[in-house]
Participant: 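Provided herewith is a single structure, encoded as structure tokens, for subsequent inquiry.
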2 protein chains.
Amino acid sequence: MTSTIDEVNYTVRVKPSNPDACAAWQLLVRFFFTHRATLPPIAAELELSPAQCHVLHLIEPGRPIPMRELAETLACDASNVTGLVDRLESRGLVHRRPSPEDRRVRVLGLTPTGSRLRATLVARMAAPPQTLARLSVEDQRTLVRILRRLLES
Amino acid sequence: MTSTIDEVNYTVRVKPSNPDACAAWQLLVRFFFTHRATLPPIAAELELSPAQCHVLHLIEPGRPIPMRELAETLACDASNVTGLVDRLESRGLVHRRPSPEDRRVRVLGLTPTGSRLRATLVARMAAPPQTLARLSVEDQRTLVRILRRLLES
DNA sequence: TATTGTTATACTCTATAACTATA
DNA sequence: TATAGTTATAGAGTATAACAATA
């Protein structure tokens, strides 16, 4: 376990700069951990698993996506995506279609039913938690401005 | 596809209040979804599952926690916690002890090994993503200020 | 009676390894 | 040879229901 302690010290040593970024990151992690519990109930309500919600969320209407890309975005193995899509497909929410350019590739799209369910999911997830809604409008706007900057980089 | 558009419009119609909070929330969700993929590799590196990381993270050194409380914080069934703790306990990271006050309750604590592993985990998660580090220091500080306000409410 | 935690069960999630079919 | 996806397999995560011990 010496190596473990060394590793900790190493981390601390190489990243002493940027204390504000570290503080912000810690707070963001804590905020999301606090709200992590909101997805499972929403998923259950729609008779989906949290993982299926992620997939449905990532397949945008009218924007088919190769399975490979989905696996990369989810940071999971390709075989996992096969199973996830199998279950969504058997429920008629998603379809696989061969890519015209590369016949190895399967492109995923939403069925009309899947598209409707996705819209419901997005709507159910859109409501901000009360803590966020209770911030002053000025803080909310500042937050939006900074987060936009964060996400466009 | 028409129904999808209708449903989206409906959502827009019924939640026109608090547009800034909604926008902030959407951005936060997007930010975290973008960084969601960072935990599994860190977990794998420490030979833990993501769920086990959550548990380890929630058991603070010197602050024993009843299993029931853990189940509530994780928003999962108590039987699930039994399994999670079984595996952590069999690896010598966590221990169960009967509560002196209520003999139905089992209180969880970290072993020395578990405590060290938790420290490594926390250190590995502490590094902010580059996007955050690239923000101006002023934005970082503003973000910290607002997030603190958000979390103390 | 109600609550804490466990067990049994069933299903989903997940990775690894071996495979097929394309490129 | 390399890549996209599948299958088989094994283990972990998860909820439900039934249960024991305790309150």
Side-chain angles (χ1 to χ4, degrees), chain A residues 33 36-59 64-91 93-109, chain B residues 33 36-59 64-91 93-109:
Chain A
F33 201 82
R36 199 193 64 92
T38 56
L39 183 56
I42 293 176
E45 196 182 304
L46 306 181
E47 298 186 277
L48 293 167
S49 71
Q52 289 172 337
C53 288
H54 285 316
V55 173
L56 217 54
H57 193 244
L58 287 171
I59 308 178
I65 179 176
M67 295 186 68
R68 185 73 210 165
E69 197 180 323
L70 199 58
E72 271 157 23
T73 309
L74 291 170
C76 73
D77 193 84
S79 62
N80 191 11
V81 174
T82 297
L84 284 165
V85 171
D86 279 349
R87 288 180 283 275
L88 290 171
E89 196 180 33
S90 74
R91 279 184 57 186
L93 301 171
V94 157
H95 56 68
R96 281 179 242 234
R97 284 181 187 154
S99 161
E101 291 108 31
D102 186 336
R103 287 194 319 198
R104 292 172 303 180
V105 174
R106 301 269 190 152
V107 171
L108 300 175
Chain B
F33 202 81
R36 199 192 65 90
T38 56
L39 182 56
I42 293 176
E45 196 182 304
L46 306 180
E47 296 185 280
L48 293 168
S49 70
Q52 288 172 337
C53 287
H54 286 315
V55 173
L56 217 54
H57 193 245
L58 287 171
I59 308 178
I65 178 177
M67 294 187 68
R68 184 74 209 161
E69 197 180 323
L70 199 58
E72 270 157 22
T73 308
L74 291 170
C76 73
D77 193 84
S79 63
N80 190 12
V81 174
T82 297
L84 283 166
V85 171
D86 279 350
R87 289 180 283 274
L88 290 172
E89 197 180 32
S90 74
R91 279 185 56 187
L93 301 171
V94 157
H95 55 69
R96 281 179 243 234
R97 282 179 189 156
S99 161
E101 291 108 30
D102 185 337
R103 288 194 319 200
R104 293 172 302 180
V105 174
R106 301 267 189 154
V107 172
L108 301 175

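The chains referred to below are lettered A, B, ... by the order of the sequence lines, with proteins before strands, and numbering in each begins at 1.
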Participant: Should A:D102 and A:R68 count as an ion pair when the cut-off is N to O under 4.0 Å?
Facilitator: no
Participant: On a heavy-atom basis, which atom in B:V85 and which in B:M67 lie closest, and how many Å separate them?
Facilitator: CG2-CE, 4.2 Å
Participant: Hey, can you tell me if B:F33 and A:H57 have their rings parallel, tilted or perpendicular (30° and 60° cut-offs)?
Facilitator: perpendicular
Participant: Can you tell me how far P of C:dT12 sits from CD of A:E47, to the nearest Å?
Facilitator: 12 Å
Participant: Nearest heavy atom decides the nucleotide; on that basis, is A:R87 or B:E69 closer to the 5' end of DNA chain C?
Facilitator: B:E69
Participant: Taking only the side-chain heavy atoms of A:T82 (C-beta and beyond), determine which of D:dT7, C:dG5, C:dA15 contains the nearest atom.
Facilitator: D:dT7
Participant: Send over the distance from A:E72 CD to C:dT14 C1', rounded to a whole Å.
Facilitator: 17 Å
Participant: Measure from the side chain of A:V105, starting at C-beta and using heavy atoms only, and say which of D:dA4, C:dG5, D:dT14 lies closest.
Facilitator: D:dA4
Participant: Judged by atom type as modelled, is there a donor-acceptor pair below 3.5 Å linking the side chain of B:E89 to the main-chain atoms of B:D86?
Facilitator: no
Participant: Among the nucleotides D:dT6, C:dT4, C:dT14, which one has an atom lying closest to any side-chain atom of A:A51?
Facilitator: C:dT14
Participant: Is the side chain of B:R97 donor-acceptor paired with the backbone N or O of B:G109 at a distance under 3.5 Å, no angle test?
Facilitator: no
Participant: Which is true for A:S79 with a 4.0 Å heavy-atom rule: it touches a base, it touches only sugar-phosphate, or it touches nothing?
Facilitator: base
Participant: What is the distance, to the nearest angstrom, from the CG atom on B:D77 to the P atom on C:dT9?
Facilitator: 17 Å
Participant: Measure from CG on B:L56 to P on D:dG13 and round the result to the nearest Å.
Facilitator: 12 Å
Participant: Which heavy atom of B:P40 sits nearest to which heavy atom of B:R36, and what is that distance?
Facilitator: CD-O, 3.6 Å
Participant: Write down the distance between CG (B:L48) and P (C:dA15), rounded to a whole number of angstrom.
Facilitator: 15 Å
Participant: Go through the steps to decide whether A:L56 and A:L48 satisfy the test side-chain contact (heavy atoms from CB on, under 4.5 Å), and finish with yes or no.
Facilitator: CA-CA 10 Å; A:L56 217 54; A:L48 293 167; 3.8 Å; yes
Participant: Round to a whole Å and report the spacing from CG of A:L74 to P of C:dT14.
Facilitator: 8 Å
Participant: Compare the minimum distances between each of C:dT6, C:dA15, C:dC13 and the side chain of A:S49, then state the nucleotide with the smallest one.
Facilitator: C:dC13
Participant: N/O contacts under 3.5 Å, protein versus nucleotides 20-23 of chain D?
Facilitator:
unit_1 : atom_1 : unit_2 : atom_2 : d
D:dA23 : OP1    : B:R103 : N      : 3.0

Participant: Return the value, rounded to whole Å, for the distance between atom NE2 of A:H54 and atom P of C:dT12.
Facilitator: 17 Å
Participant: When the distance from CG of B:L108 to P of C:dT4 is rounded to whole Å, what number comes out?
Facilitator: 14 Å
Participant: I want to confirm an ordering. Mapping B:Q52 and A:G83 to their closest nucleotides on DNA chain D, which one lands closer to the 5' end?
Facilitator: A:G83
Participant: Taking only side-chain nitrogens and oxygens of B:N80, does any of them come within less than 4.0 Å of OP1 or OP2 of D:dG13?
Facilitator: no
